[in-house]
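What follows is a short report on a single structure.
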Amino acid sequence: MSDNATKSTIERKQNHVEICLRDDVAFNGITTGFERFAFEHNALPELSFADIDLSATFLGKAIGAPLMISSMTGGYSEAYTLNQRFAEAAEQFGIPLGVGSMRQALENSSYRESFAVVRKFAPTIQIFANIGAPEVAGGLTENDINVLLELLRADGLIVHLNAAQELFQPEGNTDFRHVLEQIAILTAKIPVPVIVKEVGCGISASVARRLIEAGVDVIDVAGSGGSSWQKVEEIRYTRQFGQEKRFSQPALDELLNWGIPTAQCLLDISRLKRESPGFNDIESIASGGIQCGTDIAKSLALGAQLAASARCLLKALHEGTLEETIASWLNDLRAVMFLTGAANIAELRNKTLITKQ
Ligand SMILES: Cc1cc2nc3c(=O)[nH]c(=O)nc-3n(C[C@H](O)[C@H](O)[C@H](O)COP(=O)(O)O)c2cc1C
């Protein structure tokens with residue numbers, strides 16, 4: 001891989017963090033859909049708040065709570081500290097953690113420690129490697145897979161599908177041919193579970209079906225209502241090329257806010273699982289716009305195994321409140337469990353959600 005390609009990968013990952021911290025990249029007029037639901041109140045919870053148990057499982061392993069720190073960064077020097085801090089927090093709460101795209105680690109051996117650091121500071125939790133659809137489409141070699149997994153002693157590999165992001169990215173790769181075929185080849189030869197996620201446009205039931213049939217173990221919906229990666233890349237494009245327009249204005253507004261809301265994805269995937277008994281063991285992750293513990297609770301009642309968050313936790317880390325934020329979200333979750341009479345996560349999954357008018 002050329003030095004220029006590596007330089008561009010490094011700069012892009014730096015830009016992403018800076019833009020997510022400083023600019024408005026939230027969807028406009030599109031929400032996660034969680035606000036459409038409320039739990040039925042239980043006036044007789046018959047349990048003590050102090051006894052509520054948040055522990056859960058993911059891919060058959062025990063976790064401290066049904067929350068994950070989503071894939072974000074790695075591959076440049078400052079990413080070392082960010083990943084160290086995410087790893088420390090994830091280890092403290094016993095929750096899973098994903099690192100950002102490891103494309104840079106495949107292109108070049110510098111900065112690999114900015115990924116490997118997570119295992120150093122989080123020896124016991126589940127950690128997930130990450131790679132993009134364009135790299136998978138190109139065909140990952142045995143050596144590539146070894147690099148991705150061994151750097152982190154990873155418990156699984158996350159593949160991100162980011163067509164809308166690549167479409168808006170100034171240097172984006174919009175050749176999405178052969179992705180599914182290569183995912184099927186990957187799942188057949190990799191020794192760990194494969195998770196496929198979007199990055200904010202959501203995964204529909206029909207795409208989930210094709211992924212599951214290709215051997216994918218977990219679907220992370222990463223729906224709309226949180227961070228718009230079209231907006232992140234549009235900001236990068238405008239910085240490079242000024243106001244030069246690629247799309248007409250009315251279409252641009254729609255494309256920047258394109259996607260399937262997170263709650264809708266969860267409903268659709270739950271229905272798919274009910275209708276396809278062979279998909280019973282498939283777990284789903286609720287992500288895209290998770291911003292508190294009531295969102296986590298609703299995610300579980302809508303069928304997700306756990307919820308995951310990216311930009312809110314990055315901002316909390318930047319503001320020095322990462323652990324405090326996670327603790328408050330888990331306390332929100334406890335509050336919902338108390339008010340619905342759920343002593344543990346398994347009971348919460350069966351609580352009734354009412355659709356608001
Ligand atoms: C700074 C930043 C970098 C990201 N980089 C990656 C990445 O490399 N790979 C990936 O799968 N997702 C990446 N994401 C996307 C998130 O994992 C997540 O799917 C998306 O931001 C939606 O979640 P949110 O609304 O909680 O931010 C990144 C997110 C942020 C905030």
Side-chain angles (χ1 to χ4, degrees), residues 1-30 70-79 82 99-108 110-111 114 130-138 159-179 197-203 222-261 287-289 310-312 314-315 318:
M1 192 57 64
S2 76
D3 285 353
N4 279 347
T6 301
K7 187 164 166 269
S8 133
T9 308
I10 291 171
E11 279 176 7
R12 187 168 52 246
K13 292 306 286 177
Q14 281 171 318
N15 289 171
H16 286 164
V17 169
E18 286 158 15
I19 290 171
C20 284
L21 288 174
R22 292 194 197 124
D23 293 275
D24 176 10
V25 295
F27 278 82
N28 194 4
I30 306 284
S70 267
S71 315
M72 275 181 268
T73 203
Y76 62 101
S77 63
E78 295 88 342
L82 294 177
V99 297
S101 167
M102 298 174 75
R103 172 174 163 182
Q104 185 276 333
L106 296 183
E107 289 173 352
N108 185 302
S110 42
Y111 305 119
S114 68
N130 186 292
I131 198 70
E135 287 72 52
V136 174
V159 175
H160 63 266
L161 304 178
N162 61 341
Q165 179 185 9
E166 298 284 348
L167 180 68
F168 273 85
Q169 194 169 96
E171 66 281 48
N173 178 347
T174 46
D175 185 354
F176 268 61
R177 290 173 302 164
H178 312 301
V179 175
K197 74 189 276 285
E198 238 287 347
V199 298
C201 292
I203 294 188
S224 62
S227 312
S228 161
W229 279 86
Q230 300 90 290
K231 283 197 179 174
V232 174
E233 299 298 354
E234 179 70 357
I235 290 168
R236 293 184 61 242
Y237 182 88
T238 307
R239 282 183 192 160
Q240 285 180 40
F241 302 108
Q243 295 303 322
E244 185 188 315
K245 286 286 174 223
R246 295 178 284 178
F247 305 104
S248 66
Q249 192 58 45
L252 182 64
D253 289 340
E254 191 163 341
L255 293 171
L256 289 174
N257 297 293
W258 181 274
I260 312 169
S287 76
R311 190 165 50 101
C312 272
L314 175 69
K315 284 193 161 180
H318 184 67

Work out which heavy atom in [X] is nearest to a heavy atom in [Y]; give both atom names and the distance.
X    : Y    : result
S287 : S70  : CB-OG, 4.4 Å
G132 : V159 : C-CG1, 4.5 Å
G74  : K13  : O-CG, 4.0 Å
F27  : G225 : CD1-N, 3.4 Å

[X] side chain vs [Y] backbone, donor-acceptor pair below 3.5 Å:
X    : Y    : answer
N162 : V199 : no
Q104 : I10  : no
S114 : A79  : no

Between atom [atom1] of [X] and atom [atom2] of [Y], what is the distance when rounded to the nearest 0.5 Å?
X    : Y    : atom1 : atom2 : answer
T238 : Q243 : OG1   : CD    : 5.5 Å
E234 : L255 : CD    : CG    : 9.5 Å
N173 : L167 : CG    : CG    : 11.5 Å
N15  : E18  : CG    : CD    : 5.5 Å
F247 : L256 : CZ    : CG    : 8.5 Å
K315 : H318 : NZ    : NE2   : 9.5 Å

Could you walk me through whether N257 and S224 pass the side-chain contact (heavy atoms from CB on, under 4.5 Å) check?
CA-CA 8 Å; N257 297 293; S224 62; over 6 Å; no
Within a 6.0 Å radius of atom CD on Q240, are there more than 12 heavy atoms belonging to other residues, nucleotides or ligands?
yes
If we only count heavy atoms from C-beta on, is the [X] to [Y] side-chain gap below 4.5 Å?
X    : Y    : value
F168 : K231 : no
H16  : W229 : yes
L314 : V17  : yes
N108 : T9   : no
M72  : V99  : no
V25  : R311 : yes
N130 : H160 : yes
I260 : E198 : no

Go through the steps for R236 and E171 under the test side-chain contact (heavy atoms from CB on, under 4.5 Å), then give the verdict.
CA-CA 10 Å; R236 293 184 61 242; E171 66 281 48; 2.7 Å; yes
Please evaluate residues R246 and F241 with respect to the criterion side-chain contact (heavy atoms from CB on, under 4.5 Å), reporting the C-alpha separation (whole Å), side-chain torsions for both, the decisive distance (0.1 Å), and the verdict.
CA-CA 10 Å; R246 295 178 284 178; F241 302 108; over 6 Å; no
